[in-house]
Novice: 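Structure in structure tokens, see below.
Here is how names work: the chains are called A, B, and so on, in the same order as the sequence lines, proteins then strands, and each is numbered from 1.
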2 protein chains.
Amino acid sequence: MSIEAGGRIGLRQRKKAETRAMLSWAAIRLAVERGLDNVRVEDIAEAAGVSPRTFNNYFSSKGEAIVARHLDRSLRVVTELRRRPASEPLWESIVHAVLVQLDPGPELSGQPMPEHQQWVAGIRLMVAEPAVQGEFLRASALAEAGIATAVAERTGTDVQRDLYPQLVAAAVMAATNVATQHWLRADPPVEMRPLLTEALHQLAAGLPTP
Amino acid sequence: MSIEAGGRIGLRQRKKAETRAMLSWAAIRLAVERGLDNVRVEDIAEAAGVSPRTFNNYFSSKGEAIVARHLDRSLRVVTELRRRPASEPLWESIVHAVLVQLDPGPELSGQPMPEHQQWVAGIRLMVAEPAVQGEFLRASALAEAGIATAVAERTGTDVQRDLYPQLVAAAVMAATNVATQHWLRADPPVEMRPLLTEALHQLAAGLPTP
DNA sequence: CATAATTTTGCGTGAACCGCATATTTGCGT
DNA sequence: ACGCAAATATGCGGTTCACGCAAAATTATG
């Protein structure tokens, strides 16, 4: 076991992230297929090949499991924002960071269509089912806090004292959520990217009366 | 029973609203006093003088009960917004509607200090305890939807098709939440009103880099 | 290879949530 | 004022959760 395979650190960490993803994905898939109430924790655990007790070691509720994937994606915005050069105008960095998140993550490059459809159905579930909605919004709030910190570092403001960084973060999440809602509702379907850019620009422009 | 006391319609509706308020208030008070996990549904029901089963007729979870008061207050913003004259500039109406919500509601004009303190502690609880956070954010989302509809009616836009009304609504809630967070955190304490006005103005102005 | 650290698992407990049937209360017409 | 219909409150029972705890299994380290 001395010769390392791939990961710089721990096979442990990797396995943990894997089962976490497995569980979240299983939760989404099953909930989409048969409806949230017809899925027991036991089912999710079984589908992920793990004991029911272990499920609760990773997530403290079904909702948390379902939202986990969304949370991970939302948090990528923060790391992406930190990656942008400090010389770049702030709002430009934000737009970039948010749009990158639209690209399919490294987890989902294989089967394009069927999995993508289920992911969309999953999002729809998250905003529809009351039991999941709360967790969904909590995930957004967590990402928002991260964005606020990043913005504060970047602009030399103070998250504790100044309104500015949190307002920016809140505005970003607001734009994201509004765009998502419209995208889910649109019939015929529309592209997410222009919707999101439009929403961000409108907020940055200060919402002039149309 | 022919001589009516006060309410135009139904004593039934009144009693219902009363027990609802009783339950919510009891839930907040108990949770603040002994911590959320040390409060059973049974305790809340008893404190409100109803059966445990009845609690679940009103709320489907402890969190929902705790947040109910906050929800009612948030929804008042919508009705207040509708009350403003259509001739008034939109953003001005919004600022008014939001600020009115800061005045103590009709439910809380008696004991000023001790109850107010507990209300503050209640809000702090709502944003701190994970189990309540979700419900808290859901309440905000519900109010946000109401605001969006009102804004759409007012500006002749379409909630389904246009981004504008939802963006405005989301911005309003964003400002409210950010202001609330800072207000809760501020030491020494600060006035809520100027904080909120400032947040709303910054968002309306389009978040220029400071 | 042995030992320590971390993770998984099984079991038991208390509580939550809800469907259903029943009792109680309220509104309304006469 | 009285009785009937509708709405609401209650009691009971069943299912599922969520989690603490201790033992087994897995992984890292020297």
Novice: Among residues 39-54 of chain B, which ones have heavy-atom contacts with DNA chain C below 4.0 Å?
Specialist: B:Val39, B:Arg40, B:Val41, B:Arg53
Novice: Hey, are A:Arg82 and A:Glu153 close enough for a salt bridge, meaning a charged N less than 4.0 Å from a carboxylate O?
Specialist: yes
Novice: Could you give the CZ-to-C1' distance, from B:Arg14 to C:dG27, as a whole number of Å?
Specialist: 15 Å
Novice: Taking only N and O in the side chain of A:Lys15, is any of them less than 4.0 Å away from OP1 or OP2 of C:dT7?
Specialist: no
Novice: Is a salt bridge present between A:Arg40 and A:Asp43, judged by a nitrogen-to-oxygen distance below 4.0 Å?
Specialist: yes
Novice: Donor-acceptor check, side chain of B:Ser24 to backbone of B:Ala21, threshold 3.5 angstrom: yes or no?
Specialist: no
Novice: After noting the C-alpha distance and the side-chain angles of A:Gln202 and A:Glu198, does the key distance pass the side chain to side chain donor-acceptor pair (under 3.5 Å) rule?
Specialist: CA-CA 6 Å; A:Gln202 281 204 31; A:Glu198 173 68 11; 2.9 Å; yes
Novice: Here's a test of your reading of the structure: between B:Phe55 and A:Phe59, which maps to the more 5' nucleotide of DNA chain D?
Specialist: B:Phe55
Novice: Rounded to whole Å, how long is the line connecting atom CG of A:Asn38 with atom P of C:dC17?
Specialist: 19 Å
Novice: Quick check: closest heavy atoms across A:Leu203 and A:Ala171, and the distance to 0.1 Å?
Specialist: CD1-O, 3.1 Å
Novice: Look through every strand shown and name the nucleotide pairing with C:dT30 as Watson-Crick or G-U wobble, where both distances are under 3.5 Å.
Specialist: D:dA1
Novice: Select from A:Thr19 and B:Lys62 the residue whose nearest nucleotide in DNA chain C is closer to the 5' end of that strand.
Specialist: A:Thr19
Novice: Just how far, in rounded Å, is C1' of C:dT7 from NZ of A:Lys16?
Specialist: 8 Å
Novice: Measuring from the side chain of B:Asn56 (C-beta onward, heavy atoms only), which nucleotide among D:dT8, C:dT6, C:dC18 has the closest atom?
Specialist: C:dC18
Novice: I'd like to know whether CE of B:Met192 has more than 12 heavy-atom contacts from other residues, nucleotides or ligands below 6.0 angstrom.
Specialist: yes
Novice: In whole Å, I'd like the distance from the CG atom of A:Leu36 to the P atom of C:dC18.
Specialist: 12 Å
Novice: A:Asn57 CG to D:dC17 C1': how many Å, rounded?
Specialist: 14 Å
Novice: Using a 4.0 Å heavy-atom cut-off across all strands, classify A:Tyr58 as base, sugar-phosphate, or nothing.
Specialist: sugar-phosphate
Novice: Is it true that A:Arg76 and A:Glu80 have a side-chain N and a carboxylate O under 4.0 angstrom from each other?
Specialist: no
Novice: Can you tell me the distance, in whole Å, between the CD atom of B:Glu64 and the P atom of C:dA16?
Specialist: 15 Å
